[in-house]
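Numbering of ligands and ligand atoms starts at 1, following listing order.
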Amino acid sequence: MKTKTKLIHGGIPGDPLTGAVSVPVYQVSTYKQEGIGGHKGFEYSRTGNPTRHALEELMKDLEGGKAGFAFSSGMAAITAVIMLFNSGDHVLLTDDVYGGTFRVMTKVLSRFGLEFTFVDTSNLDNIEKEIKPNTKAIYIETPTNPLLKITDIKEVAKLAKSHQLLTIVDNTFSTPYWQHPLELGTDIVLHSATKYLGGHSDVVAGVVVVNSEQLASDLHFVQNSTGGVLGPQDSWLLIRGIKTLGVRMEEHEANTKAIVNFLNNHPAVKKVYYPGLETHPNHDIAKKQTSGFGGMVSFDVGSEENADKLLNHVKYFTLAESLGAVESLISVPAKMTHASIPKDRREELGITDGLVRISVGLEDVDDLIEDLKNALTK
Ligand SMILES: *Cc1c(COP(=O)(O)O)cnc(C)c1O
């Protein structure tokens with residue numbers, strides 16, 4: 001089955017009981033038992049709920065794994081995955097991971113005796129140097145936010161295997177429409193489903209897919225024990241969003257290509273960050289491991305003042321955090337998502353005060369380009 005078909009026919013499509021073509025919202029907490037333990041596969045909705053189960057089966061199929069798990073947010077999903085480890089274990093992570101990931105590792109999970117090291121995983125040599133006797137996993141995000149850095153998933157998985165480590169991939173930016181980390185040899189893939197999977201800025205959710213029965217059983221134990229599960233209504237919204245993921249991603253990318261081309265030729269734009277550009281340092285790796293470059297672009301307009309002017313004059317780009325939805329969004333990472341990083345460290349990473357990030361939506365691209373053109377000449 002091809003991906004576009006899987007988006008619609010994967011998992012558990014519809015309802016065999018009634019013939020409903022959409023999975024019903026099972027708004028229920030508990031299930032009648034015909035005698036003790038005599039249930040139909042569901043006992044209590046923290047442990048399992050039919051609507052959530054349909055979403056989890058769909059995500060399992062899309063990522064090509066053994067089991068899927070839906071959580072109440074991307075952060076709940078990430079936290080549950082790290083709870084697979086024990087006090088004293090060490091995890092290596094991409095240095096410019098999502099800000100919330102950095103925060104939960106360094107400010108919350110570190111309090112329970114877990115150790116974390118952040119390295120630039122776009123260069124493999126950096127990773128091997130940091131592997132310690134207690135290292136248990138390598139956690140990568142690719143492409144990253146906001147500089148769209150690329151890590152070679154297959155090579156990291158190979159390195160991890162040779163040291164008996166798990167490889168975990170945050171696949172939020174690429175989605176299973178473009179990128180399949182489990183097929184490249186990794187063990188766990190996770191998402192903030194709040195972004196492209198949901199796609200309509202109306203649901204906060206997280207998803208994990210694992211590649212072995214052991215990890216499936218361990219993660220189900222954590223999910224059921226800690227309880228950060230996704231509710232039935234939100235599970236249904238996600239299934240609905242995922243059905244159109246293919247057409248949305250194709251259109252996000254087509255719009256983005258045109259915008260990147262426009263930005264690249266605009267005199268007010270100093271630098272454009274997009275993995276689809278041949279000048280991107282890891283363009284070849286991106287081309288090898290994904291079938292699309294996505295809808296996120298960052299560009300440098302030279303100063304905080306210029307960035308402010310741009311933000312104040314765009315009409316169709318909404319100033320907001322988050323990404324991956326139908327509406328185009330714009331943000332200045334140095335002042336918003338990455339404000340907690342000291343300025344000199346930010347500059348070192350390339351996150352200057354003039355860096356603007358856009359999440360290209362599904363509006364008519366002529367309007368989007370016109371909008372940027374007007375705002376850039378102000
Ligand atoms: C948003 C995001 C998260 C966190 O997900 P929430 O749904 O906001 O909890 C994790 N990773 C990436 C790459 C994200 O963009």
Among all residues two or more places apart in sequence or in another chain, which pass the salt bridge (Lys or Arg N to Asp or Glu O under 4.0 Å) test with Glu304?
-> Lys335

Measure centre to centre between the rings of Phe299 and His266, then say whether the value is under 6.0 Å.
-> no

Once you restrict both partners to nitrogen or oxygen, which atoms of ligand 1 have a protein partner under 3.5 Å, and how far apart are they?
unit_1, atom_1, unit_2, atom_2, d
ligand 1, 5 (O), Ser192, OG, 3.0
ligand 1, 7 (O), Gly74, N, 2.9
ligand 1, 7 (O), Ser192, OG, 2.8
ligand 1, 7 (O), Thr194, OG1, 2.6
ligand 1, 9 (O), Gly74, N, 3.0
ligand 1, 9 (O), Met75, N, 2.9
ligand 1, 11 (N), Asp170, OD2, 2.7
ligand 1, 15 (O), Lys195, NZ, 2.7

Side-chain donor-acceptor pair under 3.5 Å between Ser45 and Tyr31, yes or no?
-> yes

Between Thr186 and Thr167, does any side-chain donor sit less than 3.5 Å from a side-chain acceptor?
-> no

Just jot down the side chain to side chain donor-acceptor pair (under 3.5 Å) partners of Gln233, sequence neighbours excluded, or say none.
-> none

Just grab all the ring-ring contact (aromatic ring centres under 6.0 Å, His included) pairs involving residues 172-197, residues at least two apart or on different chains.
-> Tyr196-His252

